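What follows is one structure encoded as structure tokens, with my remarks underneath.
This structure is a prediction, so every number in the text was calculated from the model and none was measured.
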Amino acid sequence: MKKLIKLMLLAVVLLLTTTGCSTSTKSPEKLLTKPNYDEEKALLNSGISKVLYQNVNLVFPENLKESGKINYVDLDEDGKNEIVAFQKKEKINSDSKVGFLILREDKESYSFLEDGVVLEKGDKIEYGGFYDLDGDGNKEIIMQYKDPDNISRLKVYAFKDNKISLKYQLDEIFADGNIIPKLNLSPNNTDSATSSAGDIDNKKIKISYINDDNNMDMVVLGYNSSNRVLKISLVQFTSERAIVKDVKTIDDVNGISEAYITIGNISKYEKGIILDIPIGKDGAVGTEVMYVKDDKFVTVASCKDENMKKAYYVPVGDMNKDNIIDIPSIPANRSSFIDKAYAYITYYQWNGNLDENNMEIIGQSYYNYQYNFRFSVPKEMQNLLYTEQKYEGEKIQLEFKATNVKTGTLETVFTVVVKPKSGTIEDKKGLTNSKDVVQVLENEDYTYDIIINNRKILKDYGVEENKLKESFSNTYE
């Protein structure tokens, strides 16, 4: 059987050479950033699929940004890429299995290893990744999967001397100080290593260097769906063990399938962890900001803070291009939560302190996703504007209102008129010839005019008219 497999895979490689494709020389990290299913991978996919056993198919892990069905990785740092392919085996009246297989480069072909297949009882692969966790120079294979009881299981496998072994079973990682000893088990005998998951039924992980200790860190979210409690575990690895450095608990969490973990710069001096978590009964998303000091979590901002909440997930970003992550927040009374057509998004950045008001506003923008424009709100009017949408024929009028500081009434300060180019509106006459109307933006679909309705309110707030007109851009380029 092995000879047949090798011959068939050799045919695949020969086919690659005759179609002009060559074996990629990109680094594993770049190859794994985003699965690139070019002709070479398509041919390998076809070749591997033909030699798999019946009822076995190649599958995608759910973390598609990091890995795909087929991955080129130099696991043992010998200068040659192995192929790691994730797979699922299904059989009628039997538990399905998920796992991976490894193909070894052998001159002009790839061949299966004699013990190069791992299959665990499970339904889907939630995570697949390749990292040198303990600094020994070899990349481990990290796989998280759902077992037959719908429990997330997290395992780490080693590849050395052309053999796969189970290195760690990471279930008991939600108690501070826990030590998980290194294993060295055959992948065919991993059932005996499966330990109790306790009260945790769902997991989500992120692996990165968080601080400057040169140790790879694993951040693991563990969720108990019965009491809606989330545990956040910080795990580090040595040559002989995995150590739970710290555990943080957050209650009133609505699952983690829609939770997001981001690791990056949260100030000029600190790299941190940003968690976007569904919380509360109203379906809001809260953002928890932390960093690690002396192997312990330090909370910068709580997901329960009103400024850290939003009605739906908005990715973090770097709005002012200073290489520091900015945290988005959506004020509930100035955004459309039903159809998500528009939103005022306020961006916060940590000022480096740990006091109560340590998240400072660095900018606010009004986004209109339906009509594709963005308005950068002047600093003087941040958190003060409200928007009302009206229609006049084919034109869409968005009135931006603010409180008159003298009368206390809500008045229209300026209006944005959005005109579809496909319409029949005559632009040469009427409002567009008025000195109070200026075109501020144009794209393939629309033109955008701004009408100043109340210069006195602008003056009261100290906003320059020209600055207002220069604050418009396209949401989508």
Q. Is it true that K88 and D123 make a salt bridge, defined as a side-chain N closer than 4.0 Å to a carboxylate O?
A. yes
**Q.** Between CD1 on residue I273 and CZ on residue F297, distance to nearest 0.5 Å
**A.** 4.5 Å
Q. Hey, does the side chain of N372 reach the backbone of T475 with a donor-acceptor pair shorter than 3.5 angstrom?
A. yes
Q | Any pair counted as salt bridge (charged side-chain N to carboxylate O under 4.0 Å, His left out), so long as it reaches residues 242-252, sequence neighbours left out | A | R228-D252, K245-D295, K248-E288, D251-K304
Which donor-acceptor pairs under 3.5 Å do the side chains of residues 256-269 make with protein atoms, sequence neighbours left out?
from: N265; atom 1: ND2; to: N323; atom 2: O; distance (Å): 3.3
from: S267; atom 1: OG; to: Y269; atom 2: N; distance (Å): 3.1
from: S267; atom 1: OG; to: E270; atom 2: N; distance (Å): 3.0

Q. Is K203 salt-bridged to E126, going by a charged N under 4.0 Å from an acidic O?
A. no
Q) In terms of side-chain geometry, is the basic nitrogen of D136 or K167 positioned less than 4.0 Å from the acidic oxygen of its partner? A) yes
Q: Using distance alone, with no hydrogens and no angle criterion, decide if Y371 and D445 have a side-chain donor and acceptor under 3.5 Å apart.
A: no
Q. Would you say T238's side chain and E240's backbone share a donor-acceptor pair under 3.5 angstrom?
A. yes
Q: Would you give the length of the straight line joining atom CG of L468 to atom OH of Y461, rounded to the nearest 0.5 angstrom?
A: 13.5 Å
Q. Would a distance-only check, ignoring hydrogens and angles, find a side-chain to backbone donor-acceptor pair under 3.5 Å from S96 to G122?
A. yes
Q: Would you please indicate if the ring centroids of F414 and F375 are separated by under 6.0 Å?
A: yes
Q) Which pair of non-hydrogen atoms, one from D171 and one from S152, has the smallest distance, and what is that distance? A) OD1-O, 4.0 Å
Q: Enter the distance from Y131:OH to Y209:OH here, rounded to the nearest 0.5 Å.
A: 10.5 Å
Q: Compare every heavy atom of D74 with every heavy atom of G79, then report the nearest pair and how far apart it is.
A: N-OD2, 2.9 Å
Q) Side chains of V98 and V59: closer than 4.5 Å at any heavy-atom pair? A) no
Q: Identify the two heavy atoms, one from K139 and one from V73, that lie closest to each other, and give their separation to 0.1 Å.
A: CD-CG1, 3.7 Å
Q) Within the distance-only criterion (no hydrogens, no angle test), does the side chain of D132 pair as donor or acceptor with the backbone N or O of G137 below 3.5 angstrom? A) yes
Q: Inspect the contact between D147 and R153 and indicate whether a charged nitrogen and a carboxylate oxygen are less than 4.0 angstrom apart.
A: yes
Q. Hey, is CG on N227 packed in by over 12 heavy atoms from elsewhere, all under 6.0 Å?
A. yes
Q. Looking just at side-chain N and O atoms, do Y127 and K204 make a donor-acceptor pair shorter than 3.5 Å?
A. no
Q) Are K309 and E306 ion-paired here, with the side-chain N under 4.0 Å from a carboxylate O? A) yes
Q: Using distance alone, with no hydrogens and no angle criterion, decide if S239 and D134 have a side-chain donor and acceptor under 3.5 Å apart.
A: no
**Q.** Heavy-atom side-chain contact between F174 and V244 under 4.5 Å
**A.** no
Q: Please say whether more than 12 non-hydrogen atoms of neighbouring residues, nucleotides or ligands are located less than 6.0 Å from NZ in K296.
A: yes
Q: Report the distance from atom CD1 of I142 to atom CD of E66, rounding to the nearest 0.5 Å.
A: 9.0 Å
Q: Take V229 and D199, measure what side chain to side chain contact (heavy atoms under 4.5 Å, CB included) needs, and give me the verdict at the end.
A: CA-CA 10 Å; V229 168; D199 59 358; over 6 Å; no
Q) Quick one: are N443 and Y448 in side-chain contact, heavy atoms under 4.5 Å? A) yes
(Q) For a quick check under 3.5 Å, do N466 and E464 share a side-chain donor-acceptor pair by atom type? (A) no
Q. Do K69 and F60 have side-chain heavy atoms sitting under 4.5 Å apart?
A. yes
**Q.** Within-4.5 Å side-chain heavy-atom neighbours: Y72 and I83
**A.** yes
Q. Got a donor-acceptor contact below 3.5 angstrom from the D78 side chain to the K80 backbone?
A. yes
Q.
Please tell me whether S225 and D201 have a donor and an acceptor in their side chains that are separated by less than 3.5 angstrom.
A. yes
Q) What distance do S67 atom OG and M143 atom CE have between them, rounded to the nearest 0.5 Å? A) 11.5 Å
Q) Can you tell me how far CG of L183 sits from NZ of K155, rounded to the nearest 0.5 angstrom? A) 9.5 Å
Q) So which pairs with a foot in residues 311-329 pass salt bridge (charged side-chain N to carboxylate O under 4.0 Å, His left out), sequence neighbours left out? A) none
(Q) Under a plain distance cut-off of 3.5 Å, with no hydrogens placed, do Y344 and T387 share a side-chain donor-acceptor pair? (A) yes
Q) Taking it one step at a time, do Q370 and I396 satisfy side chain to side chain contact (heavy atoms under 4.5 Å, CB included)? A) CA-CA 11 Å; Q370 184 175 4; I396 301 96; over 6 Å; no
Q) Got a donor-acceptor contact below 3.5 angstrom from the Q364 side chain to the Q382 backbone? A) no
Q) Looking only at side chains, do D217 and Q236 share a donor and an acceptor under 3.5 Å apart? A) yes
Q: Can you see which heavy atom on P61 is nearest to which on G128, and at what distance?
A: CB-N, 3.9 Å
Q. What is the minimum heavy-atom distance between A85 and L58, and which atoms define it?
A. CB-CD2, 3.9 Å
Q. Within a strict 4.5 Å, meaning less than it, do heavy atoms of the Y348 and I361 side chains meet?
A. yes
Q.
Do I102 and I141 make a side-chain contact, defined as non-hydrogen atoms from C-beta onward lying under 4.5 Å apart?
A. yes
Q.
What I'd like to find out is whether the side chain of N320 reaches to under 4.5 Å of the side chain of Q349, using heavy atoms alone.
A. yes
Q: Check A343 against I330 and note the closest heavy-atom contact, atom names and distance.
A: CB-CG2, 4.4 Å
Q: Let me see the working for Y366 and L398 under side chain to side chain contact (heavy atoms under 4.5 Å, CB included), right down to the final yes or no.
A: CA-CA 11 Å; Y366 167 87; L398 297 118; 3.3 Å; yes
Q. When you look at Y446 and F373, which way does the ring-ring contact (aromatic ring centres under 6.0 Å, His included) test go after all the steps?
A. CA-CA 10 Å; Y446 303 100; F373 77 92; 9.1 Å; no
Q. K310 and I345: side chain to side chain contact (heavy atoms under 4.5 Å, CB included), yes or no, with the steps?
A. CA-CA 9 Å; K310 40 194 170 280; I345 301 181; over 6 Å; no
